[in-house]
2 protein chains.
Amino acid sequence: MTESDIVQTIIRRFSSGDIRLTPQRISVYRYLLENRTHPTVDRVFNALKIENPSLSKTTIYNTVDTLTKAGLVRVVRTNEDEVRLDGYTDNHGHFYCTNCEEVYDFSLEGCAVPDSLHGFQMEEFDVRATGLCGSCKQKN
Amino acid sequence: MTESDIVQTIIRRFSSGDIRLTPQRISVYRYLLENRTHPTVDRVFNALKIENPSLSKTTIYNTVDTLTKAGLVRVVRTNEDEVRLDGYTDNHGHFYCTNCEEVYDFSLEGCAVPDSLHGFQMEEFDVRATGLCGSCKQKN
DNA sequence: ATATGTGCAAACTGTTTGCAGCCGC
DNA sequence: GCGGCTGCAAACAGTTTGCACATAT
C-alpha cells in the first residue's frame, strides 16, 4: 500500500459517519495499515507515544474497541492468549508461529463454511493455525 | 457416552504412561467427558470442589495444562476472551453463541486446510464461528 | 449546550509463581 | 529418598472503570 492508498483508505473507511474522526483514531488506524505485522496493543501504544507523548493506553483500548465495532479493525488472538491487531478486515486466516511469534495471513481458499452450521446465524468465521513458519521450520 | 464408555476412555487415554494418574486429574478429565458443555476453569473448579473441598484452583490450572500437553484436553477461546475446556480432541469446530454464551461443536466437513499453508509446518488448525445459535436466533 | 472523546489513577480478574508439605515409586 | 503433585498465599499483567477535563458539533 502506497502512502496515497493509505490516505484514501482512511478517508473512505471513516466516511461512513458512524464514528467521529479524531487524531488518535486516525493514527491508530494508519499505524495498522502501514504496519501489517499484527502488533499488540502495547506495541501500537509505544510506537504512537513517540509522536504524541500525552497519548494514553486507555485511549488505545477505547480506539481499538471503537474501530473494531465500526468494522475497520479486527482483533486476533494467538494461542499464547495474546491480543494482536489487524487493520485488514477482508476474510483471511491467521497463522501463528510458535517460534518467532509472528502472525502470518493466509488465504481461505478451499476452506468453506461447513454445512453443519446451517442452523446458526453466523456473524464471524475465524480460521487460525499454529506451528512453525517457513524460516523457523528450517532453523529447527 | 455411557458410564462404562467414560471409564474405558479414561483408562485408555491415561495408559500411555506419559502422565501420572492422580485423583485430581481423573476427576477433571471425567468431568469434561461427562459434561460436554465446554465449561470454564471456574465452573470445573466449583463443581469438583463439592466432592473434594480441599481442591485448589491452582490444581485445576496445573491439571488442564498437563492434560492439554498430553493431548487429552483442548483449550477453546471464545471471542469474549474466555477460556473454555473441551475433553474431546477429535477435529471439530466451535461455534460461540453471543447470546446464550454456549459453545457448540460442529463438523469441519467441507472446510479443508487451505493450500496457502503449504510452506508452514502446521501443528494446530482451529476453526471458530460466532453468532446466534438456533434457539437464540428465533428469540431475537 | 450537549454529547462524545481523552487521559490519568485506581480497581479488577484470571492466571502464574514461589514455596512448603505430601504422596507414590 | 527423590521427583513429581497439590494447595495456599502472594504476585502479576493486561484490561476495565471512574472520573475530571477537553473537544467537537
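In what follows, chains carry the letters A, B, and so on, assigned in the order in which the sequence lines appear, proteins first and then strands, with residues in each chain numbered from 1.
For residues 23-35 of chain A, proximity to DNA chain C is found at Gln24(A), Arg25(A), defined as any non-hydrogen atom under 4.0 angstrom from a strand atom.
Residues Tyr96(B) and Glu80(B) come closest through the heavy atom pair OH-CG, 3.0 Å. Heavy-atom minimum distance, Phe125(A) versus Cys111(A): CE2-O, 4.3 Å. Heavy-atom minimum distance, Tyr29(A) versus Leu72(A): CE1-O, 3.5 Å.
To the nearest angstrom, C1' of dT25(D) lies 14 Å from CG of Leu21(A). Between Ile19(B) atom CD1 and dT6(D) atom C1' there is a gap of 15 Å when expressed in whole angstrom units. If you take NZ of Lys69(B) and C1' of dG4(D), they are 14 Å apart, rounded to a whole angstrom. In this entry the distance linking CZ of Phe45(A) with P of dT15(D) reads 13 Å, nearest Å. At whole-Å resolution of the value, CZ in Arg84(B) and C1' in dG14(C) are 15 Å apart. Atom CZ in Arg20(A) sits roughly 12 Å away from atom C1' in dA22(D) (whole-Å rounding). Rounding to whole angstrom units, CG of residue Asp65(A) and P of dG5(C) are separated by 11 Å. Atom-to-atom, CD of Glu80(B) to C1' of dT15(D) comes out at 14 Å; the value is rounded to the nearest Å.
OP1 or OP2 of dG7(D) lies within a sub-4.0 Å distance of a side-chain N or O belonging to Ser54(B). The phosphate of dT4(C) has neither OP1 nor OP2 within less than 4.0 Å of any side-chain N or O from Thr22(A).
A salt bridge links Arg30(B) with Glu3(B): at least one charged nitrogen is closer than 4.0 Å to a carboxylate oxygen.
Across all strands, Thr66(A) comes closer than 4.0 Å to no nucleic acid atom at all (heavy-atom distances). Counting any heavy atom pair closer than 4.0 Å across all strands shown, Thr59(A) reaches a base atom.
Thr59(A) and Asn62(A) share no side-chain donor-acceptor pair at under 3.5 Å.
The distance between the ring centers of Phe95(A) and Phe120(B) falls below 6.0 angstrom.
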So which protein nitrogen or oxygen atoms get under 3.5 Å of nucleotides 15-20 of chain C's nitrogens or oxygens?
{"unit_1": "dT15(C)", "atom_1": "OP2", "unit_2": "Tyr61(B)", "atom_2": "OH", "d": "2.3"}
{"unit_1": "dT15(C)", "atom_1": "O5'", "unit_2": "Tyr61(B)", "atom_2": "OH", "d": "3.1"}

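Taking the ring centre of Tyr88(A) as origin, the terminal cationic atom of Arg36(A) falls inside the region bounded by 6.0 Å and 45° from the ring axis.
More than 12 heavy atoms of other residues, nucleotides or ligands sit less than 6.0 Å from atom CZ of Arg77(B). When the shell of 6.0 Å around CG of Asn52(B) is examined, it contains more than 12 heavy atoms from other residues, nucleotides or ligands.
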